Amino acid sequence: MMEPIVDDKVLDYEPHPLTDAGFTASAGALEELTRRAENHNQPPTSHIHGSSTSVESHTWLSKILPAGTIESVENKFHLGNYVLDRQTGEKIWEAMSIYVRVGMHLLYYGSAQENALHWKRTLQLLQSQSEKMGMEYDSPESKQHINPFIKSFQLEPTLFEMVEPDPNAYPTFNAFFAREIKESARPIAEPENDLATSSPADCRLTAFPSVDLATKYWIKGYGFTLERLLGSPELAAQFNGGSLVIARLAPQDYHRWHAPVSGTVRGIKDIPGAYYTVNPQAINEPGTLDVFCENKRSVMTLERSATGSPVAIVAVGAMLVGSIKYVGGVDTVGTQVRRGQCLGAFYYGGSTVIVVYPPGEVALDDDLVKNSVEHNMETYMKVGWRTGVKA
């Protein structure tokens with residue numbers, strides 16, 4: 001049998017069988033999950049955020065998805081990933097949520113753009129379900145989700161860091177999800193050093209000195225280019241040969257992003273797109289489309305105060321993310337922002353922030369690069385922690 005070819009590249013895996021029955025089953029699974037999420041009195045780990053490795057999740061999916069489909073995905077993927085804690089050095093296993101697992105099924109259908117029907121149906125499904133969850137979590141009734149969410153993800157010890165620590169004071173679940181943190185809770189590393197760069201989020205982070213390294217070790221989907229990511233060949237040209245920091249926010253994380261450097265806002269570009277999962281299993285999978293360049297995103301360009309160089313900050317939406325919103329008027333060209341300042345918030349779902357630096361603008365910290373390139377793992381980081389320094 002010939003090895004499958006995508007974009008003239010020979011792949012080392014058998015592509016996912018794309019059938020109408022498989023799509024219908026995957027679509028039904030996602031719709032059922034979002035329907036279950038409407039039950040305000042149930043903890044999220046009993047439905048949409050249930051572990052994909054649990055017996056209950058396997059049993060439920062087995063009733064919906066074709067046997068061959070679920071077996072192929074279970075054999076192909078680890079259904080979770082390890083993250084390295086930068087402070088302790090501990091390697092932590094994080095199981096994939098069941099909604100992400102369903103999203104992995106749908107990613108294959110979205111990748112089959114030669115089949116326009118599969119592609120369009122996938123885009124429409126993910127958009128409708130993301131909008132549905134956004135509306136659900138903007139309703140006053142969604143307040144009932146807040147305390148079960150806190151208990152499920154053991155967030156009680158973090159509430160004192162919030163500007164509003166009382167969960168009952170939030171009018172909706174989305175208001176809690178995009179909660180604001182006290183600035184004192186996320187001090188920036190080396191505040192006196194204008195040449196240092198910081199993590200843009202509480203996140204699982206990868207760092208690559210070049211785009212070539214990023215595509216070799218992490219971004220395996222086809223179609224990734226800086227021009228596509230940034231939506232501008234002229235802007236992309238300023239970053240050729242530069243470096244990337246990729247910050248993935250899990251649903252349980254504090255869900256705002258912050259400036260990695262100080263500078264002046266020189267441009268904002270909103271790019272419409274899809275709502276594919278940004279789980280590492282999706283990013284690392286050869287033969288699927290590159291979700292960073294396909295998903296809805298907003299590109300902020302800064303002129304860095306310390307060097308005058310451009311820095312691009314790309315806020316990428318993901319599966320079930322309702323919206324991406326800037327805060328405090330920072331989306332006005334000419335606005336001055338400082339390193340560690342809050343720039344915006346994601347509303348419900350996982351999401352990603354990508355920071356792009358031009359060549360020579362930052363020497364990324366060795367431990368972050370080593371974890372990303374040698375160990376092929378994300379590093380758990382918080383807002384303000386150092387990611388590098390201009391050499």
Side-chain angles (χ1 to χ4, degrees), residues 178 186 188-189 194-208 211 214 219 224 226-232 234-240 242-249 253-271 273 278 292-293 295-318 321 323-346 350-359 361-362 364 368 381-388 390:
R186 293 294 183 273
I188 59 172
D194 291 337
L195 297 179
T197 62
S198 298
S199 172
D202 284 12
C203 62
R204 292 103 180 95
L205 184 143
T206 46
F208 301 96
V211 172
I219 308 173
F224 181 87
L226 286 180
E227 180 178 336
R228 291 191 67 222
L229 177 70
L230 302 176
S232 165
E234 294 79 17
L235 183 57
Q238 299 180 54
F239 295 95
N240 284 338
S243 51
L244 286 178
V245 169
I246 304 171
R248 178 177 66 89
L249 290 71
D253 290 328
Y254 161 65
H255 240 70
R256 296 193 175 207
W257 76 94
H258 293 239
V261 298
S262 297
T264 304
V265 177
R266 293 304 185 200
I268 299 285
K269 183 180 181 68
D270 293 329
I271 302 174
V278 293
F292 291 146
C293 293
N295 277 14
K296 175 182 178 180
R297 58 200 181 278
S298 184
V299 181
M300 171 184 279
T301 309
L302 295 181
E303 179 183 323
R304 190 176 181 185
S305 300
T307 64
S309 297
V311 175
I313 306 165
V314 187
V316 184
V321 168
S323 56
I324 302 168
K325 295 182 181 179
Y326 290 101
V327 300
V330 298
D331 53 339
T332 302
V333 172
T335 300
Q336 301 280 330
V337 300
R338 52 188 167 70
R339 181 161 65 98
Q341 180 178 339
C342 182
L343 299 180
F346 295 101
S351 39
T352 293
V353 179
I354 301 174
V355 184
V356 190
Y357 296 97
E361 188 62 22
V362 63
L364 296 169
L368 300 178
M381 299 280 284
K382 288 188 177 182
V383 169
W385 290 9
R386 187 180 124 145
T387 57
K390 181 173 173 61

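Predicted, not measured: the structure shown is a model, and the values here were computed from it.
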Evaluate the side-chain proximity of [Y] to [X]: yes if any heavy-atom separation is below 4.5 Å, no if none is.
| X | Y | result |
| --- | --- | --- |
| Glu361 | Val261 | no |
| Ile246 | Ile219 | yes |
| Asp253 | Arg204 | yes |
| Asp331 | Val265 | no |
| Ser351 | Trp257 | no |

Indicate yes or no for a side-chain donor-acceptor contact from [X] to the backbone of [Y] under 3.5 Å, with no hydrogens or angles considered.
| X | Y | answer |
| --- | --- | --- |
| Thr197 | Gly388 | yes |
| Arg256 | Ala178 | yes |
| Arg297 | Gly273 | no |

In short, salt bridge (charged side-chain N to carboxylate O under 4.0 Å, His left out) pairs touching residues 257-267 with sequence neighbours left out are Arg266-Glu303
Rounding to 0.5 Å, atoms OG (Ser262) and CZ (Arg338) come to a distance of 8.0 Å
OG of Ser198 to CE of Met381, rounded to nearest 0.5 Å, is 8.5 Å
- Mind telling me whether Phe292 and Phe224 have parallel, tilted or perpendicular rings, with 30° and 60° as the class edges? perpendicular
Between Leu244 and the options Thr206, Val355, Val356, the side-chain contact (heavy atoms from CB on, under 4.5 Å) test singles out Val356
